[in-house]
Every structure is written in structure tokens, then in C-alpha cells.
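A short worksheet on the structure shown next.
Since the model is a prediction, treat every value here as computed from it, not as a measurement.
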Amino acid sequence: MVKVIDLRSDTISRPTKLMKQAMLEAIVGDDVYREDPTINELERKAASMLGKEAALYVPTGTMGNLIGMMVHCPKRGSEILMGDLSHTFLYEQGGAAQLGGIHLHILPNRPDGTFDINLMKSKVRTGDIFEPITSLIVVENTHNMCGGKALPMKWLDELAEAASSLNIPLHMDGARLFNAAVYLGIPAKEIIKNISTVSVCFSKGLGAPIGSVLVGPKILMEEARRLRKVLGGGMRQAGFMAATGIVALDTMIDRLAIDHQHTYRIAKARRLRKVLGGGMRQAGFMAATGIVALDTMIDRLAIDHQHTYRIAKAIENTGSKYFSVDLKNLHTNILQIWFDSEKVDPVKFCERLAKVEKNEKSILGKEIAVKMTPMTKEFMRLVLYHEITEEDVQDAIKKLVKVVDLRSDTISRPTAVMRQAMFEAVVGDDVYGEDPTVIELEKKAASMLGKEEGLFVPSGTMGNLIAMMIHSTRRGSEVFVGDRSHTFLYEQGGAAQLGGIQLHILPNNPDGTFDIDLMKSKVRTRDVHEPTTSLIVVENTHNICGGKVLPIKWLDELAEAASSLNIPLHMDGARLFNAAVYLGIPAKEIVKNFSSVTFCLSKSLGAPVGSVLVGSKKFIYESRRLRKALGGGMRQADHKFIS
């Protein structure tokens, strides 16, 4: 049997037994209402450890950085200074510009992750009518593309002094901040004492399956909380919640009729029913692991650093003229292996490491596959994490040395079944498409709704936002929605705020429908003075219309009209399965004429977190890219899906 040693990234690390047990036993609540005690505890702990007033739990570092940049740049025409090798510039899809409308101004990074402070000061712009206004400076620590370097404290102090004199705040992408703290031998709060906001990941070296935290002043964290809502909440390694989604689909649909009966009895007694909106619910199943990470994983990061050094030293000792490592500047758990690009193809080299040749067992004593990431044409990267044991390091060295010597080329609470599913979920890295439970959920959801493919997203808000943006790729697009729809009333105008899409409202009838003839009369088709109608959105069941189920006859008439106009349909099907139970027909029959549909696992179906967006293969491909930009690229999300 081939032994696979996966060194592509520490994001692939899986949770410890303590983390899984914490998820199983987590006390949860509704975090949108700030009623999740586990998340509240995690935020307090993170803020205290990092010396800041407040903290906000977010699903991914991408979202943490995006929110950090947006809270500091609330005005149009803002500009941010950052390094040209920074993760925020290279690998977050230009989210600051794409979603925040913020101009990025890059400075050349030095090999140690710093940049020239005098050069930075010369690039600051302060309100000239021809220029954007410099509003923020971003640094990264440890610095990924500079080989996991810990930024020198002297340089950080000098940068803080310069930024203060310019009255410009600092944000740190501290995805691996605790790695820097271990390397420098000082508390993390000392490193960021002069930084306004910091994003820190739990899902890299600290080993939690999902999640990051943004820390900073209380006033900024309040604004950050609003932005997190409109961005749709995303999460890293969200399988721990996703696992609950499969159980929900398998066991919870038929029993919705009981909820309907209970609702009727309450209504008859004239009791007020409380209507809950979207967002990420009971995210404490991930936050619980963050607490374990902070309590148990920080000190052991030094072991990862030692393992990384040993691998680097072994490569150096080969004396190969085609490969090199920089031992002197190796700080943490990220190792860059440089090579002669004329002699070595990085993709083929990584493929060779992952492949087992016939004679390798006799040479190495076992069959070993090592996974690494080719980053550029000049270097590849490996990242160590807590699951890489002493034996793994020895085996990885054997394989690497052999291949180098040959110069070869990812408010309802869950039921007991859901919790158990989360505990037992088989996980992988969903960003790399390697989370088997997420894949299973997406296939199951697509099949149940009669669509080609599905995409797991953290919230219905994100699902709807992605759908509207994919269907409205051109600037000047307009989307029809009901005036009482959730997308119009309760998703912070995300279509306009983040997608640049105009919403055109139509009066909802009491049953959740709207006048189709009126809709047809409002369609606009590329007149030079007008936006172009690109999509029609309906909601089923309809929240503000009292949970009404849209009549099938009306849906058929709407589909016929939309087809004649060549305008696609999207359904906000947050409670779609409630509609299916009420109508007594399969959900796929309701959505047969819809191009895309979002439905929630975390409402009546009882899963703690998550929604699924379904549509054509091409549509989901584009949606997957956009999910990453929005901060919803989830690692090992299957613990949510199983439920």
C-alpha cells in the first residue's frame, strides 16, 4: 500500500482527537444573534491573547483579510499599500478591488518579506484630485511567498512609526502569526502591538479544520461583523459542519410536516411566530476547535519548524546542482525548494514525487508518495503541520533525496445523528477538491434537485450573491426581485454592494408571487440609457409572505415568460424542501425550469451550518471561483455535510 505524505500545505492538516471531541460536545447557539457561547468564548480568548479589544470569527483568512481591508477603506477612491509577493495581492482573486472597490498599490518585497519603508513613504497619496487616497498598509507575517519568513521586530517597529506619522493604519495578514511568535520567542501580542487589525488562521499550523479570527478595535469589529454578514460567512475546512448536511437530506425532509403542524397550532393560538433570516448558524462546531487550537497547538509549532529544517538540510546535503534551499533564512514551517528551470519542470517533479515506481520499495523499504506544490517556474513549496510525524519526515527525506538525486521531474441545533456524523466524517481539503464528504453532499444535492452539479457554501446569503453575480457578469446588469424578498430586504444589498448589480423590485402579492405581465413590461434590453435585465429571482417558500409556497401554475407561467425573454431564473430556496413537503411533490419538480437554486441545510433541515447552490456544470465552475474570492473556500468541510 502506498504511503502518501502530503506536504502541499498546512491547510491540509486534519483536526486532533481533542478537536473532534470538542466539536461533538460543543454548546451552540445562533451566532448572527451573538448567542453562540462557544464562538463568544473563542472571540474573547483570541482578543485577549492578541492584545486587542475585540475579535470576530470568520470562516477563512481570505475573508478576514478582505474585511480587514474594507473596514479601513469605507470611502470610494481608497488605496492600500502592500508587498508585491503578498498573499492578499497574489492569491485572493483581487478581492479588495473585485468586491471592495479598493485600489491596490504594490511595493517590491525583499527576500525577508519586508519592503523599503522610505519607498513606501514616497508612494503615499493624500487627496490630490487626480489620485486615490492611501488608507491602509498591509503586511504578512509569516510571509508565505518569501519562504515562511518571520518579519523582523525592528522593521515592524520602524514601519509602525512611519505609518503613525502618516496617520495610516496597519493591517497584518497573520495567517501563520503564531509560527512567527514561536520563531521569535515572544508572545504574538508583542508582534502586533502597533497593528490595528490582524487576521489569524486556525486551519493552518494550529490544525483546526476551519476558521480564522479577525482582531482589532471594538468599533472596527462591529463594522466587520456587518461586512461578514453581507459576504455570506464562508469557512475553511467546513466539512465538520458539512457532514451534518448529508444526514439532514437523508433523515429530516419527511418530518418537516410535523413542523408545519406545530406552526399551524401556534398560529391558531394567535402566538407570534419569529422569522429567522439567513447567515451562518451554530458555527460553534468549528469555533470549538479554534479554542482547542489556541490551548494546545501553539507550543508544538516548534516541532514543525524543526522537521522543516531537517528536510531542507537533507536536500542541501545531496549536493545537487539542480536544486537548492536557503537554510540561513528558513524560519518556520514553509520550505521553498529552488531549482534550475532549464533542467527541471516543477509540475513533472511534483508528479514524480507523488508517483511510486516499481523498484522503489526495494530501495526505500516501503512505497512512499510525497505531495508538494509547484508555485512558480523557479521554486516549489512544502509546508509542515502537526500530522507530519517523525517517521513521516524520515520517509519524506528518503523520497525527496531519491528523486532529487535522479533529477526527476484542499437556530436549529443538530440532531445526535448529525453530531456523530461530524465526529466520524472523513475529511479532505475542499479547495483542492479532495473532501469526499463535501463531494458526496454536492452530488446528492444536485441529483435531488435535477441539476448537473452542486456547490457547498457557508450560507444562503453567499449562495444567492454568487448566483446573481454569475448571471450578471456584465457591468450595467439589473436583477428583478420581489419587494418583500429576502435578497432585497435582508442581505445588506450585497448584489449592489459587492456585485455592482442593480436590483429592480416588483410588488409581491400576499402569496409571494408578483404580476408577470408587470414584470414583462419592466424588462430592459440594452437601450443605451438603461441597465440590462439579466436575471429574475424568486423565493420559495416566501419568508416575509408568511412561509407561502409559490403555486406551481404560477412558476410554470413565469418560466414560460422568462424563456420568451431569454432571461434565466434563480430561486432562493432557503426552505425549498418545506415547499416540496407541502405540495407533496419532489423538490426537483418545483425547480425544473430554474437555472440555479440555493437551498439551506441550516434552517428546517437542522444542520448547524451551510447551504448548497446547484446549477449547470459551467455555472458551478464559475461559482466555485467566486466562492473563493468571497472567502468561502472551505477546507475539510465534510463534518458539516454529513449532517
Side-chain angles (χ1 to χ4, degrees), residues 26-74 88 100 135-139 141 156 160 163-164 168-175 177-178 180-181 187-203 206 208 210-236 279-284 286-295 298 458-459 492 631:
I27 300 172
V28 299
D30 190 324
D31 185 43
V32 172
Y33 289 113
R34 306 188 188 195
E35 294 174 358
D36 191 307
T38 313
I39 289 181
N40 293 342
E41 182 183 350
L42 172 64
E43 290 175 344
R44 284 193 295 268
K45 180 183 285 286
S48 175
M49 289 184 72
L50 297 176
K52 302 300 180 187
E53 290 180 352
L56 179 70
Y57 181 73
V58 293
T60 64
T62 296
M63 181 177 284
N65 287 329
L66 178 58
I67 291 174
M69 290 186 285
M70 290 177 72
V71 295
H72 285 294
C73 302
T88 47
S135 305
L136 182 67
I137 300 164
V138 174
V139 297
N141 199 12
L156 284 173
S164 177
I168 299 173
L170 296 169
H171 169 77
M172 180 179 287
D173 173 2
L177 174 64
F178 287 108
K189 67 170 64 178
E190 178 66 18
I191 298 174
I192 63 172
K193 61 187 177 184
N194 297 314
I195 309 289
S196 175
T197 54
V198 182
S199 175
V200 180
C201 285
F202 299 127
S203 57
L206 297 185
I210 300 174
S212 294
V213 69
L214 179 67
V215 299
K218 186 175 181 179
I219 189 170
L220 288 183
M221 292 305 99
E222 287 301 309
E223 182 59 27
R225 191 174 294 273
R226 279 188 56 82
L227 285 171
R228 183 186 67 173
K229 184 70 174 67
V230 74
L231 285 168
M235 33 198 102
R236 203 178 259 282
M280 298 164 47
R281 311 294 183 177
Q282 278 87 42
M286 296 181 297
T289 63
I291 293 173
V292 174
L294 292 175
D295 285 342
I298 295 173
S459 67
Q492 273 193 42

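- Partners of S196 according to the side chain to side chain contact (heavy atoms under 4.5 Å, CB included) rule, which considers only residues two or more places apart in sequence or in another chain, are H72, P169, P217, L220.
- In this structure a side-chain-to-backbone donor-acceptor pair under 3.5 Å is missing from E43 to A54.
- The salt bridge (charged side-chain N to carboxylate O under 4.0 Å, His left out) pairs that include a residue from residues 190-203 are E190-K193, where partners are two or more places apart or lie in different chains.
- With contacts defined as side-chain heavy-atom distances shorter than 4.5 Å, the pair L42/I39 does not qualify.
- Inter-residue side-chain proximity for I219 and E223 is flagged as unmet; no heavy-atom pair is nearer than 4.5 Å.
- Qualifying side chain to side chain contact (heavy atoms under 4.5 Å, CB included) partners for A188, counting only residues two or more places apart in sequence or in other chains: L50, L177, F178, A181.
- Residues satisfying the side chain to side chain contact (heavy atoms under 4.5 Å, CB included) criterion with A180, sequence neighbours excluded, are N141, T142, A150, I191.
- One finds the OG1 atom of T62 at 8.5 Å from the CG atom of D173 (value rounded to the nearest 0.5 Å).
- For R34, the salt bridge (Lys or Arg N to Asp or Glu O under 4.0 Å) partners at least two apart in sequence or on another chain are E222.
- Checked by atom type and distance alone, the side chain of K52 pairs as donor or acceptor with a backbone atom of I195 at under 3.5 Å.
- Annotation for A55 and V215: closest pair CB-CG1, 3.6 Å, computed over non-hydrogen atoms.
- Every side chain to side chain contact (heavy atoms under 4.5 Å, CB included) that L214 has, sequence neighbours left out, goes to I67, H171, T197, S199, M221, A224.
- A160 and L170 get closest at one heavy-atom pair: CA-CD1, 3.9 Å.
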